[in-house]
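In what follows, a single structure is set out as structure tokens and then discussed.
Position 1 is the first residue of the sequence, and the numbers go up from there. Computation of the quantities below employed the complete heavy-atom set of this structure, encompassing side-chain atoms and omitting hydrogens, waters and symmetry-equivalent molecules. Atoms within each ligand, like the ligands themselves, are counted from 1 in listed order.
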Amino acid sequence: MQALLDDILEQVRPLLGQGKLADYIPALAEVPAERLGIAVCGVDGSLYTAGDASEAFSIQSISKVFSLVQAIQYSGEDIWQRLGHEPSGQPFNSLVQLEFERGRPRNPFINAGALVICDINQSRFAAPALSMRDFVRRLAGNAQLVADAKVAESEYQHRARNAAAAYLMQSFGNFHNEVEAVLRSYFHHCALAMSCVDLARACGFLANQGRCPQSGEAILTPRQTQQVNAIMATSGLYDEAGNFAYRVGLPGKSGVGGGIVAVVPGRFSVCVWSPELNAAGNSLAGLRALELLSERIGWSVFAPL
Ligand code: GLN
């Protein structure tokens, strides 16, 4: 595995310089572009890393996995009264379907869906941003994890599109808390700074039938874990979910900070990071690295066991 990861990074390195940083959040445009890291966390707790795997970056939409899991833990199947689990085929920040579908987002991984999930969690927790941070600290086994306040503030200052989605949902009665407070929680989640190692560890339970490989703690039931993986596989990369299934064939979740996590059920979780994005807002080199990984291990969820 070590040799494989080293080799994959070597092969994708020439792609650095060909993508574009997410500059619609000004604080993210200041990130050093030429970074590349990967970490693999086995279901036996083993860890393999290559490149800049220990450098923290903004997890952005990868946080949507953790907020969804928190919502499932506390509200179970009830959450599906508020949103769907269908792929949207639209960019992550699109508003078009939201009006046609009367304020009900297609899935929890587009921004509108993640905002509804944050609204659900806002009703549940006294301090949603802190309970999320502590949850992720526990999953990653890293008590030092914090949100980058500068990134969170930058997102809040440039919140127009997310605010539009939330207020539109409120107009349809699908938003129960004060919009600005929920936006603050959402941006705080997105601004969590984690490394590939942190994220691979934090997603280990998704490869391990819901149990955290390090601590043994049950985070979700095996059935719920399978369902979260299914939503990642169908919606984790927005309007590029089909391409991701075709090229990688694993449940995955990307963020505009350039991270992508993917899950090989029963074997390992992996996180790759390279900040430059393609046109769909997904890490250009990260996507290629995961494609090589699934090709080289000869396995995807669409291949025989
Ligand atoms: N915080 C970002 C936003 O709301 C997250 C988007 C993403 O990572 N795709 O626009």
Would Glu276 and Lys20 count as a salt bridge (Lys or Arg N to Asp or Glu O under 4.0 Å) if you check the C-alpha gap in whole Å, the side-chain angles of each, and the deciding distance to 0.1 Å? CA-CA 5 Å; Glu276 290 178 341; Lys20 197 172 160 297; over 6 Å; no
Using a 3.5 Å distance criterion without hydrogens, assess whether the side chain of Asn107 forms a donor-acceptor pair with backbone atoms of Pro87. no
For the residue pair His85 and Trp80, does the interplanar ring angle fall in the parallel (under 30°), tilted (30 to 60°) or perpendicular (over 60°) class? perpendicular
Hey, would you say the Tyr74 and Phe125 ring centroids sit under 6.0 Å apart? yes
Pairs under 3.5 Å, nitrogen or oxygen of ligand 1 with protein nitrogen or oxygen:
unit_1, atom_1, unit_2, atom_2, d
ligand 1, 1 (N), Gln60, OE1, 2.6
ligand 1, 1 (N), Glu155, OE1, 2.5
ligand 1, 1 (N), Glu155, OE2, 3.4
ligand 1, 4 (O), Asn111, ND2, 3.1
ligand 1, 4 (O), Asn162, ND2, 2.9
ligand 1, 4 (O), Tyr186, OH, 2.7
ligand 1, 8 (O), Ser61, N, 3.1
ligand 1, 8 (O), Ser61, OG, 2.7
ligand 1, 8 (O), Val256, N, 2.8
ligand 1, 9 (N), Ser61, OG, 2.9
ligand 1, 9 (N), Tyr238, OH, 3.0
ligand 1, 10 (O), Tyr24, OH, 2.5
ligand 1, 10 (O), Asn111, ND2, 3.3

Do Arg184 and Glu153 sit within salt-bridge range, that is, some charged N less than 4.0 Å from a carboxylate O? yes
Please determine whether a side-chain nitrogen of the Lys or Arg among Arg247 and Glu295 lies less than 4.0 Å from a carboxylate oxygen of the Asp or Glu. no
